[in-house]
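Okay, structure first, notes after.
Just so it is clear: chains get the letters A, B, ... in the order the sequence lines come, proteins before strands, and each one is counted from 1. Treat the numbers as computed from the prediction; the structure is a model and nothing was measured.
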Amino acid sequence: MRVTQALIPTLREVPAEADTISHQLLLRAGMLRRVAAGVYTLLPLGYRVVQKIERIVREEMNRAGGVEMLLPIIQPAELWYESGRWNVYGPELFRLKDRHDRDFCLGPTHEEVITDLVRQEVKSYRQLPLLLYQIQNKYRDERRPRFGLLRGREFIMKDLYSFDRDEEGLEISYRKMYEAYTRIFTRCGLTFRAVEADSGAIGGSDTHEFMVLADTGEAEIVYCTGCDYAADVEKAPCRAETKDACEEMLDTELVATPGARTVREVAEYLNVTPERIIKTLLYEADGELVAVLVRGDRNVNEIKVKNFLGVNQIEIALENGSEEKYGLPLGYVGPVGLKEKGVVKILADGEVRYLRNAVAGANRMGFHYRNVNPDRDFVVDNYGDFRVAEEGDSCPCCHQPLKMRRGIEVGQIFKLGTKYSKALGATVLDEQGNEIPIVMGCYGIGITRTMAAAVEQGHDEDGIIWPVDIAPFEVVIMAVNQRDSLQTEIAEKIYEDLRNAGIDVIYDDRTERPGVKFKDADLIGYPIRLVVGNRAVTDNLLEIKLRSTGEIIYKEKDEAVSYLREVLNRLRKDNNLT
RNA sequence: CGGGGUGUAGCGCAGUUUGGUAGCGCGCUUGGUUUGGGACCAAGAGGUCGGGAGUUCAAAUCUCCCCACCCCGACCA
């Protein structure tokens with residue numbers, strides 16, 4: 001491709017609409033333009049990246065036994081009534097009516113449509129297992145689209161659905177997908193982790209999220225330095241530390257702590273460490289008031305609390321200005337005598353049990369207690385794991401210390417079980433002629449999100465640094481002076497040679513000054529830049545520069561093609577799988 | 001959905017407080033000089049000032065309504 005024939009509108013300045021790095025750089029590199037909130041046009045270079053990611057995904061899905069198909073984006077409401085999700089999905093579902101006033105939606109996902117197909121066409125266990133997938137636009141009417149491609153309302157996604165006769169079959173399909181995903185993100189040149197995740201509302205037993213590690217990620221994950229363990233912090237189980245358990249219990253003492261509400265303020269005021277404070281948080285759990293106790297230096301994991309209680313919703317009950325509602329002073333709440341204040345249940349993190357002579361709120365404005373001891377001064381309904389995992393906690397598998405990183409979720413694999421097959425009546429006959437529900441799994445990859453994640457992970461102050469296999473082009477070639485026919489003749493020749501050699505090359509043939517073309521090349525992030533300058537004319541030498549390292553090598557014209565092949569292979573080497 | 005903010009040329013912004021001929025930088029067009037890290041000189045083009053209603057002799061500027069977009073939160077696979 002020649003730059004003069006393409007549409008690559010790079011921007012010198014950062015558009016005001018973009019706050020996120022990937023969003024800014026994709027706009028500036030001329031790959032992306034906004035059409036509406038959360039809706040974007042992919043320009044030629046951006047679409048090439050998408051196509052390259054899709055190609056890798058296709059190859060790996062096919063390798064794992066997947067078969068591609070195309071499903072409708074417009075889906076009839078009837079299917080969603082059947083699965084029960086028309087009412088459950090809520091306002092995130094893009095709904096529309098046709099001219100006959102019939103209800104439809106734009107598919108946010110395709111369980112209904114694919115299960116409908118399979119129930120009609122698959123009758124025998126002998127037709128299983130079946131791995132069907134599609135890559136296409138999906139729609140979610142996000143309350144707040146943001147971060148450019150990372151959270152849009154229209155996005156490209158790969159979804160594969162597995163259909164097996166039993167749990168064992170599902171386990172095999174699930175493992176195949178786990179491996180395929182690992183290969184895909186490795187081939188995309190990304191640094192990622194597969195983490196155990198909360199299965200959430202979708203149900204099902206096992207689920208892993210594939211996280212691209214990037215400081216700007218929305219999700220926090222912990223991973224082990226000693227083994228393969230990694231998990232979403234929301235999911236990661238915590239072990240209770242048991243130090244201090246043998247100290248002698250002292251008499252409880254009421255102390256004035258005027259103005260000290262936060263753990264830090266109290267710790268400073270009373271000159272104790274935060275670990276010696278019992279932090280008491282009040283939640284409304286489906287309307288009931290529940291207290292959760294954790295050590296002062298810990299945070300409550302609301303998801304664990306919610307799962308433990310088995311409630312639909314929990315919400316922090318005390319906020320600035322809402323104190324009167326329960327007659328409890330914000331910042332001075334404590335477990336002692338709390339049940340008399342209308343609290344139905346007291347949960348405590350396991351670590352709290354081992355605290356001795358701790359500090360806790362006295363449920364009186366301006367007062368705390370010293371020397372509070374669990375089970376002597378107050379009763380806990382349930383001890384459990386209610387805190388958020390932290391860096392340095394010990395690994396639940398091998399007890400090595402955990403580390404923490406932020407990540408961007410680019411894929412997730414789920415064991416669905418029989419939820420949809422039962423709801424929609426997708427069954428097969430087994431050897432005995434019994435009708436059994438098909439056991440399903442679903443496996444998604446956000447294609448456009450992966451593209452954005454790659455930019456979040458690979459960039460510097462000059463622009464994007466694409467991994468070779470998903471870069472819009474592998475090589476950019478340019479003449480320093482496009483008006484110098486000696487240079488352009490060489491450039492044209494090399495351009496031709498590289499194309500004939502099957503190297504993915506773009507020729508920046510604009511008559512811009514070299515600085516402009518250099519800046520654009522850095523911004524767009526082609527992995528290799530090949531420059532034809534005076535040394536090419538006088539000494540037969542071409543300049544080859546690597547975007548990722550800045551390394552510059554000069555090579556004879558005749559060696560250029562084979563050398564570039566070598567460099568491309570080297571850049572790819574770290575993630576070469578076969 | 002709650003809170004906050006912004007809409008002025010393709011992009012980034014000033015002008016709004018105090019109403020009086022719509023500006024700057026970049027980009028774009030033409031001519032010339034340039035050509036190894038976003039060149040220089042000269043001449044140009046480009047605006048319903050987000051939309052509507054109102055106040056006024058006069059509205060980018062004041063009032064009311066609406067819309068779009070962004071940020072924080074809540075929500076979510």
Side-chain angles (χ1 to χ4, degrees), chain A residues 7 9-20 23-24 27-28 30 33-40 85 88-93 107-111 138-148 150-153 155 157 159 197-204 207-210 218-219 232 234 302-303 312-316 319-320 408-414 416 442-446 449 461-463 478-484 486-488 508 510-524 529-537 541-543 545 550 552 554:
Chain A
L7 179 63
T10 55
L11 299 173
R12 198 179 282 239
E13 283 169 287
V14 182
E17 75 185 61
D19 225 37
T20 315
H23 194 192
Q24 291 177 350
L27 288 169
R28 287 191 56 212
R33 288 295 184 265
R34 189 187 66 82
V35 175
V39 180
Y40 297 90
R85 289 208 294 183
V88 175
Y89 218 94
E92 284 215 343
L93 191 62
T109 171
H110 286 73
E111 281 87 359
K138 311 249 171 169
Y139 298 83
R140 264 181 224 161
D141 195 359
E142 293 278 351
R143 278 185 191 192
R144 179 142 98 85
R146 52 181 145 175
F147 310 137
L150 286 172
R151 181 168 290 218
R153 295 194 291 175
F155 48 94
M157 205 142 146
D159 261 325
D198 190 69
S199 52
I202 206 162
T207 175
H208 284 84
E209 291 173 340
F210 286 76
E218 299 177 81
D232 196 308
E234 292 177 348
E302 296 183 6
I303 290 180
N312 292 319
Q313 212 188 353
I314 67 166
E315 214 174 329
I316 195 95
E319 276 175 312
N320 255 329
I408 300 166
E409 186 201 326
V410 289
Q412 182 161 22
I413 56 179
F414 271 112
L416 286 176
C442 78
Y443 315 85
I445 290 179
R449 188 175 240 221
E461 57 284 354
D462 292 320
M478 64 181 75
V480 167
N481 185 348
Q482 187 68 22
R483 290 191 210 279
D484 180 339
L486 293 175
Q487 289 184 15
T488 54
D508 193 343
R510 293 176 297 170
T511 52
E512 291 286 352
R513 293 168 62 86
V516 173
K517 295 195 274 195
F518 292 156
K519 286 285 184 188
D520 273 353
D522 287 348
L523 178 60
I524 292 164
R529 189 186 81 188
L530 195 155
V531 177
V532 177
N534 276 329
R535 291 189 67 182
V537 176
L541 286 178
L542 300 174
E543 173 190 300
K545 182 173 182 183
I552 295 178
Y554 286 90

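Contact of Glu409(A) with A77(B) (side chain to base): a donor-acceptor pair of N or O atoms is detected under 3.5 Å. Donor-acceptor pairing under 3.5 Å, judged by distance alone, is present between the side chain of Arg28(A) and the base of G38(B). Donor-acceptor pairing under 3.5 Å, judged by distance alone, is present between the side chain of Lys545(A) and the base of G37(B). Between the side chain of Asp520(A) and the base of G38(B), a donor-acceptor pair under 3.5 Å is found. Residue-to-nucleotide contacts include a donor-acceptor pair under 3.5 Å from the side chain of Glu543(A) to the base of G36(B).
Atom CG of Asn481(A) is separated from atom C1' of G36(B) by 10 Å (rounded to the nearest Å). Spacing between atom CG of Leu150(A) and atom C1' of C76(B) amounts to 16 Å, rounded to whole angstrom units. Protein atom CZ of Arg12(A) is 13 Å distant from nucleotide atom C1' of C28(B), rounded to whole Å. Between the P atom of G36(B) and the NZ atom of Lys519(A) lies a distance of 15 Å, rounded to the nearest Å. For the pair Arg513(A) CZ and G27(B) P, the computed distance is 12 Å after rounding to whole Å. Atom pair Ile303(A):CD1 and A74(B):C1' shows a separation of 14 Å (rounding to whole Å applied). If you take CE of Met478(A) and C1' of G37(B), they are 10 Å apart, rounded to a whole angstrom. Atom CG in Asp522(A) sits roughly 17 Å away from atom P in G36(B) (whole-Å rounding).
The distance from atom NZ of Lys519(A) to atom CZ of Arg12(A), rounded to the nearest 0.5 Å, is 9.5 Å. Note that the CD atom of Glu543(A) and the CE atom of Met478(A) stand 9.5 Å from one another [nearest 0.5 Å].
G50(B) and U16(B) have their P atoms separated by 15 Å, with the value rounded to a whole Å. Going from the P atom of G51(B) to that of U8(B) covers 10 Å, rounded to whole Å. Comparing C57(B) with G19(B), their C1' atoms sit 12 Å apart, to the nearest whole Å. Between the C1' atoms of G23(B) and G15(B), the separation comes to 7 Å (whole Å). One C1' atom belongs to G44(B), the other to C69(B), and the distance between them is 33 Å to the nearest Å. Taking the C1' atom of each, G38(B) and A77(B) are spaced 42 Å apart, rounded to whole Å. Remark: the separation of the P atoms in U6(B) and A14(B) is 10 Å, to the nearest Å. Using P as the reference atom, C13(B) and C71(B) are 14 Å apart when rounded to the nearest Å.
For Arg449(A) (side chain) and Leu150(A) (main-chain N/O), a donor-acceptor pair under 3.5 Å exists by modelled atom type. Although no hydrogens or angles enter the test, the distance criterion places no donor-acceptor pair under 3.5 Å between the side chain of Glu92(A) and the main chain of Arg140(A). Side-chain atoms of Gln412(A) do not come within 3.5 Å of backbone N or O of Thr207(A) as any donor-acceptor pair. Between the Arg146(A) side chain and the Arg151(A) main chain, no donor and acceptor come within less than 3.5 Å of each other. A distance-only check finds a donor-acceptor pair linking the side chain of Gln487(A) to the backbone of Asn481(A) [under 3.5 Å]. Of the possible donor and acceptor atoms, one in the side chain of Arg28(A) sits under 3.5 Å from a partner among the backbone N and O of Leu11(A).
Remark: G7(B) base-pairs with C67(B); criterion is Watson-Crick or G-U wobble with both hydrogen-bond distances under 3.5 Å. Shown here, C57(B) forms a base pair with G20(B); the pair counts as Watson-Crick or G-U wobble because both key distances fall under 3.5 Å. A14(B) makes up no base pair with any nucleotide shown, lacking Watson-Crick or G-U wobble contacts both under 3.5 Å. With a cut-off of 3.5 Å on both Watson-Crick or G-U wobble distances, the partner of C1(B) is given as G73(B). Figure legend. G46(B) is base-paired to no nucleotide; pairs are counted as Watson-Crick or G-U wobble with both atom distances under 3.5 Å. Across all strands shown, G27(B) remains unpaired; no Watson-Crick or G-U wobble contact has both distances below 3.5 Å. When Watson-Crick and G-U wobble pairs are counted only if both distances are under 3.5 Å, A39(B) pairs with U33(B).
Along RNA chain B, the nucleotide nearest Ala36(A) and the nucleotide nearest Tyr554(A) are compared for position; the residue whose nucleotide lies closer to the 5' end is Tyr554(A). For the pair Thr511(A) and Leu523(A), nearest-nucleotide mapping onto RNA chain B gives the more 5' position to Thr511(A).
No contact: Lys138(A) has no heavy atom under 4.0 Å from any strand. Here Gln482(A) lies out of heavy-atom contact (under 4.0 Å) with every strand. Within 4.0 Å of Glu142(A), counting heavy atoms only, lies no atom of the nucleic acid at all. Here Arg529(A) lies in heavy-atom contact (under 4.0 Å) with a base. As judged by a 4.0 angstrom heavy-atom cut-off over every strand, Arg151(A) is placed among the base-contacting residues.
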Starting from the C-alpha separation in whole Å, work towards a yes-or-no answer on side chain to side chain contact (heavy atoms under 4.5 Å, CB included) for Ile445(A) and Val410(A). CA-CA 6 Å; Ile445(A) 290 179; Val410(A) 289; 5.5 Å; no

Checking Arg85(A) against Leu93(A) for the side chain to side chain contact (heavy atoms under 4.5 Å, CB included) test, could you report, in this order, the C-alpha distance in whole Å, the side-chain angles of both residues, the deciding distance, and whether it holds? CA-CA 10 Å; Arg85(A) 289 208 294 183; Leu93(A) 191 62; over 6 Å; no

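Checking the phosphate oxygens (OP1, OP2) of C72(B), a side-chain nitrogen or oxygen of Arg146(A) falls inside 4.0 Å.
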Polar pairs (N or O, both sides) under 3.5 Å between protein and nucleotides 44-46 of chain B?
none

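Residues meeting the ring pair (Phe, Tyr, Trp, His ring centres under 6.0 Å) test with His110(A), sequence neighbours left out: none.
The side-chain tip of Arg529(A) points at the ring of Phe518(A) from less than 6.0 angstrom away and within 45° of straight on.
Across A77(B), G36(B), A39(B), the shortest atom-to-atom separation from the side chain of Arg140(A) is found for A77(B).
Arg34(A) has its side chain out of reach of Pro15(A): every pair of non-hydrogen atoms, C-beta onward, lies at least 4.5 Å apart.
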Nucleotide-resolved protein contact map, nucleotides 1-15 of chain B, B/S/- at heavy-atom distance under 4.0 Å: ----------BSS--

